[in-house]
Engineer: 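This is the structure I have questions about; it appears just below.
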Amino acid sequence: MSESNEPISHFIRNRIDSDQERGTYGGKVTTRFPPEPNGYLHFGHAKSIFLNFGLARDYHGICHLRFDDTNPVKEEQAYVDAIREDVEWLGFRDAEHEHFASDYFETLYQGALALVKAGLAYVDSQSAEEMRANRGTLKEPGHDSPYRGRSIEENLDLFTRMRAGEFADGEHILRAKIDMAAPNLNMRDPAIYRIRHAHHHRTGDDWPIYPMYDYAHCVSDAIEGVTHSLCTLEFEDHRPLYDWFLDKLADQGFFERPLPQQIEFSRLNLTYMPLSKRKLIQLVEGGHVDGWDDPRMPTLKGARRRGFTPSGFRLFTDRIGVSKSDSLIDFGVLEDCMRETLNDSAERRICVLDPLKLVLVNFPEDGEETCHAPNHPKKPEWGKREVTLTRELWIERGDFALDPPKKYFRLKPDGEVRLRYGFIIKHVDHDVDAQGNVTCVYAEYDPDTKSGTPGSDARKVKGNIHWLSARDAVETQVRQYDRLFKVPAPGARREDDAPDLERDFLDDLNPDSIHTLTTYLEPGAARAEPESIYQFERHGYFVADQKEHRAERPVFNRAVTLRDSWGKG
RNA sequence: UGGGCCGUCGCCAAGUUGGUUAAGGCACCGGAUUUUGAUUCCGGCAUUCGCAGGUUCGAAUCCUGCCGGCCCAGCCA
C-alpha cells in the first residue's frame, strides 16, 4: 500500500529534486499538458495528465493546460471542448491556467523576426519536394538550399511579406539556419513557419502563416515559465532543437535564463489496445466501434461510459510508474485498478444476469418478507436497503447445477444454499424441458434462518446466492464488454508469419466484443441517475449508461468483472 | 562505417557519484477470515541485474566488445 502515500520515486522526480536542491528555478516547478485539439484524449493522455498535474500539485507548482493549436487545417473547437471535459473529469479543471499556443502567435512571430535579424533563420523558396530531396538521408548529409545565403534584409522583407499574406501556400518557408550536415535530421535547417491560408478556430483569418511544432512548443513553454517540459520518447531527437531555439532567443534577449528543459519518458502501451491516434480514427471511421465514446474504446470518453473512474486511472498511473524503457502493460492491470477503486466506492446492488425461476413451495402465495441488504459490506455507515422476498424468484442460471462439478457449492439437487440476505433453502424439485434445460427450480425455505435474526446462522451452508423477487425485479439491458482485439498486439507480426506478410490490426478485431443481455435488476437501481456505478454482487461493476439509461428502460454497461478464482488451480 | 534512446523476477519498476543480505507494486502460489468462490489479512516469490571479458579488497553500478529492442528523412504534433 506504499503507493497511496509516499510519491513513487522516478527519474523525473529525481531531476526535479536536484533542480530544487540547486535552486535552478528558484524553487519553482511548472509543467504543462499540451494536447493538440485534433482528436480525443486516450488512456495514454491520462498518464501524461496525472504526471504533469500530479507533479505540479506535489511540488506546489502550476500545470498549464495548453492547446497546441498551430495547425489550423487539423484542429477544431469541438475537440477543445471535449479535451477540456476530459481533463476536468480527471480532476484538473483550472481555467486560470488554460492557454492556447495561438495566444502566443504574435510573440512567436516576433521571435522569428528576431531570429531572422540575427541571421539565424532564412526564407527558403524551394518546393517541399526539393526540400525533402536536399535533406539527405539517415546516413548521408543534406545539401544547403540555394536560398540559404539570402541577406538578412531580403529574409526580413520576404518573411514580413509572408506574414502580410502576399504569397501562396508553399511558395516560401521560414527555416532555421543550423546545419544541413547534422547527423540529427531535426537540426538540418528545420522549418519554423509555413504559409497556410487557412481559417483558424480561434484566430480566424488573422494569420496566413503558422509556426511549426518544434518552434512553437519550446517558445510557448518559455512564455508560460515552464520549468520541466515532459513529453514522450519520440521527441528525444527534438531536444537539441528545443534547446537551440530557446538558447538563441535568450541570446537575443527574448527570454531570461534559466530556460525550460524537455524531459522524455516512455509512452503507455497496453495489450489488446492500440493507442495511436491514427488507429483510433480508423476504428471510428471504419464503423468498427460506435463512435469515440464507445465503451470499448481506449479514449477517456469511452472509459467514462464504460464505468472506469478517474481514481482508477490515478492508481494505474502510480502503479505503472514513469521511466524511459519501452513497456507493454497488460490491460488487466488497468482493470485491476478499476476493480480496486470501485470496490471501495461503489454501492452494492443485485442483478440477475441470466435468470432462472425459483419457487419457494412452502412460502405463502401472496406472502412477502422484507430483507435487509447492506449497501457496502465494509461500510455499515452507508446503510441498508430493503429487498422483498416473495414466493417466486429469479436466481442465476449458473447457480443451479443438475450435474455439479467437484467443489461446486451453489444449489444442486437435494442441496442447500442461502438466499443472500434471506433464508436457507433446500432443493426439492425442478422442471426440465425437452432439450434437458432446467426451466424452474422448486425449493423449501427454512423460516428460522432469516439473515440478521438471532440464531439465523446456527446452520452453516457454504453456498450463498443472490436472488430477486420475480414480482418486483425490473427488466434491464446489460451490456457486457470484452476486449476489442483478440490478440495482445493487434497488427503485430506473429512468430511464424511469412517474411512478406503484412498484417492489418483491423484483422485482429474481436468480432465478439459486446454481449447484450436482458436481465433483472433491483427496482432501486433501475431508478439510478446515468453514470451511477454499482457493484452487482457476485458479478462486477456496472454503470448506468450516460446516454441511454432511463428509469423506465434501464441500460447498464459492465465496467469490469469481479475477480473470480473459482475454477483456477 | 548516420544520430538518439532502452535492456534489473511473468508485467511494471527503484537502485546506476562502486561498499554489507538487489526496494516496492502487480500477477502468481500457499494459509486465515468472510452471508459476494469478492474484499481483507498473513506468508512465499531474482545467489542475480541482456551476454562476454576486464578493472577492483569489493560492480547491477566503472571500462571494452558483442547481442536484442525502440525512435528519426511532414511545409504533422
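A, B, ... follow the sequence lines: proteins, then strands. Residue 1 opens every chain.
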Engineer: Taking syn as a glycosidic torsion within 90° of 0 and anything else as anti, which one is B/G74?
Structural biologist: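 Syn, which is what one calls it when the glycosidic angle falls within 90° of 0.
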
Engineer: Quick one: what's the B/S/- string for nucleotides 72-77 of chain B, heavy-atom cutoff under 4.0 Å, read 5' to 3'?
Structural biologist: BBSBBB

Engineer: Given the rule in the side-chain contact (heavy atoms from CB on, under 4.5 Å) test, do A/Gln535 and A/Leu562 qualify, once you have shown the distances and angles that lead to the verdict?
Structural biologist: CA-CA 9 Å; A/Gln535 182 196 102; A/Leu562 247 34; 3.7 Å; yes

Engineer: Could you check if a side-chain atom of A/Thr388 sits within less than 4.5 angstrom of a side-chain atom of A/Glu369, using non-hydrogen atoms only?
Structural biologist: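 Of all side-chain heavy-atom pairs linking A/Glu369 with A/Thr388, none is under 4.5 Å.
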
Engineer: For A/Arg202, give me all partners under salt bridge (charged side-chain N to carboxylate O under 4.0 Å, His left out), at least two apart in sequence or on another chain.
Structural biologist: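 Testing A/Arg202 for salt bridge (charged side-chain N to carboxylate O under 4.0 Å, His left out), a comparison that skips the adjacent residues, returns A/Asp103.
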
Engineer: For B/C42 and B/A52, measure between their P atoms and round to the nearest Å.
Structural biologist: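 Result for the P pair: 39 Å, nearest Å.
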
Engineer: Please list all pairs meeting ring-ring contact (aromatic ring centres under 6.0 Å, His included) that have one or both residues in residues 170-191 of chain A, counting only residues at least two apart or in different chains.
Structural biologist: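 Qualifying pairs: A/Phe167-A/His172.
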
Engineer: Exactly one of A/Thr519, A/Leu521, A/Val543, A/Ile533 should register a side-chain contact (heavy atoms from CB on, under 4.5 Å) with A/Phe556. Which one does?
Structural biologist: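 In the set A/Thr519, A/Leu521, A/Val543, A/Ile533, the residue that makes a side-chain contact (heavy atoms from CB on, under 4.5 Å) with A/Phe556 is A/Leu521.
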
Engineer: Can you sort out the partners of A/Arg175 under salt bridge (charged side-chain N to carboxylate O under 4.0 Å, His left out), two or more places apart, ordered by chain and number?
Structural biologist: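 A/Arg175: salt bridge (charged side-chain N to carboxylate O under 4.0 Å, His left out) contacts with A/Asp124.
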
Engineer: Please give the distance between the C1' atoms of B/G10 and B/C45 as a whole number of Å.
Structural biologist: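 That atom pair is separated by 12 Å.
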
Engineer: Rounded to whole angstrom units, what separation is found between the CG atom of A/Leu233 and the C1' atom of B/G7?
Structural biologist: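 Atom-to-atom, A/Leu233 to B/G7, this comes out as 13 Å.
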
Engineer: Rounding to the closest angstrom, what is the interatomic distance between B/C71 and B/C28 at atom P?
Structural biologist: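 Each nucleotide's P atom is 31 Å from the other's.
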
Engineer: Roughly, in whole Å, what's the span from CE in A/Met187 to C1' in B/G2?
Structural biologist: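 The distance from CE of A/Met187 to C1' of B/G2 comes to 15 Å, rounded to the nearest Å.
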
Engineer: Can you classify the ring geometry of A/Phe159 versus A/Tyr109 as parallel (below 30°), tilted (30 to 60°) or perpendicular (above 60°)?
Structural biologist: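 Tilted, since the angle between the ring planes falls between 30° and 60°.
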
Engineer: Taking only residues two or more places apart in sequence, or in another chain, which ones meet A/Tyr541 in a ring pair (Phe, Tyr, Trp, His ring centres under 6.0 Å)?
Structural biologist: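 So A/Tyr541 forms no ring pair (Phe, Tyr, Trp, His ring centres under 6.0 Å) with any residue.
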
Engineer: For A/Arg538, give me all partners under salt bridge (charged side-chain N to carboxylate O under 4.0 Å, His left out), at least two apart in sequence or on another chain.
Structural biologist: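 By the salt bridge (charged side-chain N to carboxylate O under 4.0 Å, His left out) rule, A/Arg538 matches A/Asp399.
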
Engineer: Given atom CD of A/Glu140 and atom C1' of B/U1, what is their separation to the nearest angstrom?
Structural biologist: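 In whole Å, B/U1 C1' and A/Glu140 CD are 13 Å from each other.
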
Engineer: Specify the separation, in whole Å, of atom CD1 of A/Ile263 and atom P of B/C6.
Structural biologist: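 Between P of B/C6 and CD1 of A/Ile263: 14 Å.
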
Engineer: Assign a letter to each nucleotide of nucleotides 10-16 of chain B from its 5' end: B, base within under 4.0 Å of a protein heavy atom; S, sugar-phosphate only; -, no contact.
Structural biologist: -SSSSS-

Engineer: Report the distance from atom CG of A/Asp336 to atom C1' of B/C28, rounded to the nearest whole Å.
Structural biologist: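 After rounding, the reported distance stands at 12 Å.
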
Engineer: For B/C72 versus B/A27, give the span between their C1' atoms, rounded off to a whole number of Å.
Structural biologist: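 Result for the C1' pair: 36 Å, nearest Å.
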
Engineer: With rounding to the closest Å, how many angstrom separate the C1' atoms on B/A32 and B/U48?
Structural biologist: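 Rounded to whole Å, the distance is 33 Å.
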
Engineer: For B/C63 and B/U1, measure between their C1' atoms and round to the nearest Å.
Structural biologist: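 Result for the C1' pair: 23 Å, nearest Å.
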
Engineer: Taking atom P in both B/C12 and B/C70, compute the distance separating them and give it to the nearest angstrom.
Structural biologist: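 Their P atoms lie roughly 14 Å apart.
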
Engineer: Which class fits the ring pair A/Tyr534 and A/Phe536: parallel under 30°, tilted 30 to 60°, perpendicular over 60°?
Structural biologist: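 Correct class here is parallel.
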
Engineer: Within the side chain of A/Glu75, is there an N or O that forms a donor-acceptor pair under 3.5 Å with the backbone of A/Asn71?
Structural biologist: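 Present.
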
Engineer: For every nucleotide of nucleotides 34-39 of chain B, 5' to 3': is a protein heavy atom under 4.0 Å from its base (B), only from its sugar-phosphate (S), or from neither (-)?
Structural biologist: -BBBSB

Engineer: For A/Glu171, which residues count as a salt bridge (charged side-chain N to carboxylate O under 4.0 Å, His left out) partner, sequence neighbours excluded?
Structural biologist: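 In terms of salt bridge (charged side-chain N to carboxylate O under 4.0 Å, His left out), with neighbours along the sequence ignored, A/Glu171 is linked to no residue.
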
Engineer: Taking the same atom, P, in B/G44 and in B/G50, what whole-Å distance lies between them?
Structural biologist: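 About 27 Å, rounded to a whole number of Å.
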
Engineer: How would you list, by chain and number, every residue that makes a side-chain hydrogen bond (donor to acceptor under 3.5 Å, both in side chains) with A/Lys177, sequence neighbours excluded?
Structural biologist: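 Applying side-chain hydrogen bond (donor to acceptor under 3.5 Å, both in side chains) to A/Lys177 gives none.
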
Engineer: Starting from Watson-Crick (N1-N3 plus N6-O4 or O6-N4) and G-U wobble pairs under 3.5 Å, report the runs of at least three that RNA chain B belongs to.
Structural biologist: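 Counting only runs of 3 or more consecutive pairs, the stems involving RNA chain B are B:2-7 with B:67-72, B:10-12 with B:24-26, B:28-32 with B:40-44, B:50-54 with B:62-66.
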
Engineer: With sequence neighbours left out, write down each residue that passes side-chain hydrogen bond (donor to acceptor under 3.5 Å, both in side chains) with A/His199, or none if nothing qualifies.
Structural biologist: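 Partners of A/His199 under the side-chain hydrogen bond (donor to acceptor under 3.5 Å, both in side chains) test: A/Asp205.
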
